[in-house]
Amino acid sequence: MKPLSCFVILIALFSYTKTEAKDYFQYHELVNSLDEHIILERYSDAIPVLDSIYRNFNFIYARHSIKALQICLRVRDEERSSLWLQKSILGGVPLWYLKHLPSIRSIQEFEKCRIVLSNYDSLHQVYLKRINRKLADYIDSLFEIDQIRTNRVNDGIIPLRYTVYGLQWLHNNKKQWKLIQQVMTTYGFPGEQLIGLPKYYEDTSIAYRNGIIRFTQLDAYQVYFMLLHCYSHKEKSMNEQLIQAVKSGMMPAYQYAAINDFMAEYGYKSYRQFYYNEWQTDDDSTHLAQINIRRKSIGLNSYEASLRNDQLNLEKRKRKTYYQDVFLE
């Protein structure tokens with residue numbers, strides 16, 4: 001039997017052995033649990049977790065497919081590496097990223113991975129057909145306006161930052177809050193599952209010119225950033241919709257947590273007891289136990305583990321080994 005035929009049968013086997021999908025709180029909990037194995041360099045112990053994620057969740061975030069690929073390459077598992085490489089491409093990971101990220105360059109050493117790469121264009125077309133490209137264009141247009149307004153507040157002429165530009169920014173935030181609400185009511189949360197990764201990642205020339213390879217955790221960030229701006233001042237909560245988006249896999253748990261941190265930091269008093277310490281921080285140590293319960297409920301790791309990961313990532317960057325290592329959450 002030819003290698004390609006074997007590969008196709010293997011893909012089909014894994015596809016048909018999927019079990020009923022679980023909610024994405026469990027997904028994030030599983031992904032975060034990988035870090036304990038990674039830090040101790042027990043990569044083989046992470047494989048059963050990866051298999052569980054693959055079997056139980058139809059949609060997998062692109063950055064987590066890359067993380068799974070990094071782990072499988074560490075244990076030299078050709079079969080699983082090819083599966084996660086295909087999952088990465090079907091999730092929108094651009095070819096330049098797959099070729100140049102140091103931690104996954106060894107995909108070229110495996111025949112099955114080379115076969116997957118040779119089919120990149122056809123797999124990428126499957127990805128493009130899955131996402132709502134028209135909605136993605138609309139979100140990009142909103143984000144472009146958001147960035148213009150935000151940059152004027154951050155970098156504009158100082159006397160205008162807190163007057164004209166500031167008022168324009170606030171007005172735009174309120175307008176976009178309503179528009180995002182309308183989109184969510186019609187389509188659901190416009191994140192990676194719905195609109196794919198930003199087109200910004202796809203253009204190699206733009207990527208290298210802007211040093212985007214530093215943005216190693218591929219992500220759909222447009223609506224996330226716009227909502228952070230919306231909640232940089234008092235605004236009504238949309239948590240009822242957002243928590244369902246997390247549960248269904250349309251919104252990453254960390255984005256929900258960070259938005260709630262902004263609500264707690266800058267919003268109404270009733271929000272101030274609901275920090276997640278994902279972006280803004282509640283410095284009252286007596287609240288930490290509740291914060292960790294809150295984090296765990298949506299699948300995030302503990303605040304202590306988050307701080308540990310941040311410190312480890314900082315040390316890797318100082319040693320210039322960050323891109324050679326498996327990514328932590």
Side-chain angles (χ1 to χ4, degrees), residues 21-40 46 49 52-53 56-57 61 63-64 67 173 177 180-181 184 188-189 191-193 217 219-221 223-315 327-329:
K22 301 179 185 296
D23 69 54
Y24 276 74
F25 302 139
Q26 294 172 299
Y27 169 94
H28 288 290
E29 185 175 357
L30 286 169
V31 169
N32 276 285
S33 73
L34 292 168
D35 288 349
E36 308 308 315
H37 301 305
I38 294 167
I39 290 168
L40 295 173
V49 181
S52 179
I53 294 170
N56 288 294
F57 299 95
Y61 288 96
R63 64 185 182 280
H64 296 149
K67 182 171 185 165
N173 290 343
W177 185 90
I180 292 169
Q181 275 276 23
M184 290 176 61
F189 183 78
E192 186 179 326
Q193 184 176 160
Q217 300 285 10
D219 206 358
Y221 50 74
V223 176
Y224 170 49
F225 283 160
M226 284 190 280
L227 286 177
L228 289 181
H229 295 155
C230 290
Y231 287 107
S232 294
H233 44 81
K234 291 180 180 178
E235 188 57 84
K236 293 179 182 178
S237 169
M238 57 172 72
N239 272 350
E240 187 174 339
Q241 292 168 287
L242 295 182
I243 195 66
Q244 289 303 315
V246 177
K247 185 177 182 180
S248 65
M250 300 188 81
M251 180 184 200
Y254 85 87
Q255 292 188 3
Y256 176 85
I259 288 168
N260 274 265
D261 284 344
F262 271 68
M263 290 168 58
E265 187 81 5
Y266 303 111
Y268 298 104
K269 287 183 179 179
S270 58
Y271 302 153
R272 291 180 188 171
Q273 57 183 318
F274 296 112
Y275 280 91
Y276 284 79
N277 283 17
E278 186 66 19
W279 189 309
Q280 310 292 345
T281 304
D282 183 346
D283 294 322
D284 188 335
S285 60
T286 64
H287 296 167
L288 185 56
Q290 285 301 314
I291 288 169
N292 277 332
I293 290 172
R294 219 169 283 133
R295 291 176 64 89
K296 183 176 176 59
S297 71
I298 59 173
L300 292 178
N301 56 8
S302 69
Y303 180 54
E304 296 88 344
S306 177
L307 290 177
R308 175 204 62 191
N309 286 4
D310 288 345
Q311 182 59 39
L312 289 172
N313 286 333
L314 179 62
E315 292 171 2
F327 295 145
L328 300 175
E329 294 303 297

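Being a predicted model, the structure only gives us computed values, none of them experimental. All heavy atoms count here, side chains included; hydrogens, waters and symmetry mates do not. Numbering of residues begins at 1 and proceeds along the displayed sequence.
Under the 4.5 Å side-chain criterion, counting only non-hydrogen atoms from C-beta, Gln311 is not in contact with Leu307. Between Leu242 and Phe189, some side-chain heavy-atom pair lies under the 4.5 Å cut-off. With a 4.5 Å cut-off on side-chain heavy atoms, Ile38 and Lys67 count as touching. The shortest side-chain heavy-atom distance between Lys22 and Phe57 falls under the 4.5 Å cut-off. At a threshold of 4.5 Å between non-hydrogen side-chain atoms, the residues Met250 and Glu192 do not count as touching. The shortest distance between side-chain heavy atoms of Tyr61 and His28 falls below 4.5 Å. Using a 4.5 Å heavy-atom cutoff, the side chains of Ile298 and Ile243 are in contact. When side chains are defined from C-beta on, Arg63 does not count as touching Phe327, because their heavy atoms never get closer than 4.5 Å.
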**OP:** Take Asn56 and Leu30 through the side chain to side chain contact (heavy atoms under 4.5 Å, CB included) test and state the conclusion after the steps.
**Re:** CA-CA 11 Å; Asn56 288 294; Leu30 286 169; 5.9 Å; no
Original post:
Step by step, would you call Asn292 with Glu304 a side chain to side chain donor-acceptor pair (under 3.5 Å)?
Top reply: CA-CA 9 Å; Asn292 277 332; Glu304 296 88 344; 3.0 Å; yes
**OP:** Kindly determine whether Met238 and Trp177 satisfy side chain to side chain contact (heavy atoms under 4.5 Å, CB included), including the steps that lead there.
**Re:** CA-CA 10 Å; Met238 57 172 72; Trp177 185 90; 3.2 Å; yes
Subject >> Worked check of side chain to side chain contact (heavy atoms under 4.5 Å, CB included) between Ser237 and Tyr271 >> reply: CA-CA 9 Å; Ser237 169; Tyr271 302 153; 3.5 Å; yes
**OP:** Any chance you could lay out the salt bridge (Lys or Arg N to Asp or Glu O under 4.0 Å) test for Lys296 and Glu29, step after step, and finish with the verdict?
**Re:** CA-CA 8 Å; Lys296 183 176 176 59; Glu29 185 175 357; 3.7 Å; yes
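In this structure a side-chain-to-backbone donor-acceptor pair under 3.5 Å is present from Gln193 to Gly249. No side-chain donor-acceptor contact under 3.5 Å links Thr281 to the backbone of Asp283. Under a 3.5 Å cut-off, the side chain of Asp261 and the backbone N or O of Ala264 do not form any donor-acceptor pair. Under a 3.5 Å cut-off, the side chain of Tyr24 and the backbone N or O of Met251 do not form any donor-acceptor pair. In this structure, the side chain of Ser52 does not engage the main chain of Val49 through any donor-acceptor pair within 3.5 Å. A side-chain donor-acceptor contact under 3.5 Å links Asn173 to the backbone of His229. Side chain of Asn301 to main chain of Asn32: no donor-acceptor pair is present (N/O by atom type, distance under 3.5 Å, no hydrogens or angles). Formation of a donor-acceptor pair under 3.5 Å by the Ser248 side chain with backbone atoms of Gln244 is found in this model.
Annotation: the span from Ile291 atom CD1 to Asp284 atom CG amounts to 8.0 Å, rounded to 0.5 Å. Interatomic distance, Asn277 CG to His287 NE2, rounded to the nearest 0.5 Å: 11.0 Å. For the atom pair CD1 of Ile293 and OG of Ser302, the computed distance is 12.5 Å after rounding to the nearest 0.5 Å. Interatomic distance, OG of Ser306 versus CG of Asp35, reported as 10.0 Å (0.5 Å rounding). Atom CG in Asn260 sits 5.0 Å away from atom OH in Tyr276 (nearest 0.5 Å). Note that CD of Gln26 is 9.5 Å distant from NZ of Lys247, once rounded to the nearest 0.5 Å.
With sequence neighbours left out, Tyr224 forms a side-chain contact (heavy atoms from CB on, under 4.5 Å) with Leu228, Tyr254, Gln255, Ala258, Ile259, Trp279. For Glu278, the salt bridge (charged side-chain N to carboxylate O under 4.0 Å, His left out) partners two or more places apart in sequence, or in a different chain, are Arg295. By the ring-ring contact (aromatic ring centres under 6.0 Å, His included) test, Tyr303 is found to be paired with no residue, residues two or more places apart in sequence or in another chain being considered. In this structure, Tyr275 has no ring-ring contact (aromatic ring centres under 6.0 Å, His included) partners at least two apart in sequence or on a different chain. For Asp282, there are no salt bridge (charged side-chain N to carboxylate O under 4.0 Å, His left out) partners at least two apart in sequence or on another chain. With sequence neighbours left out, the salt bridge (charged side-chain N to carboxylate O under 4.0 Å, His left out) criterion links Lys236 to no other residue.
Relative ring orientation between Phe262 and Tyr266 is described as tilted, the plane-to-plane angle lying within the 30° to 60° band.
Side chain to side chain, Glu329 and His64 meet the donor-acceptor criterion of an N or O pair below 3.5 Å.
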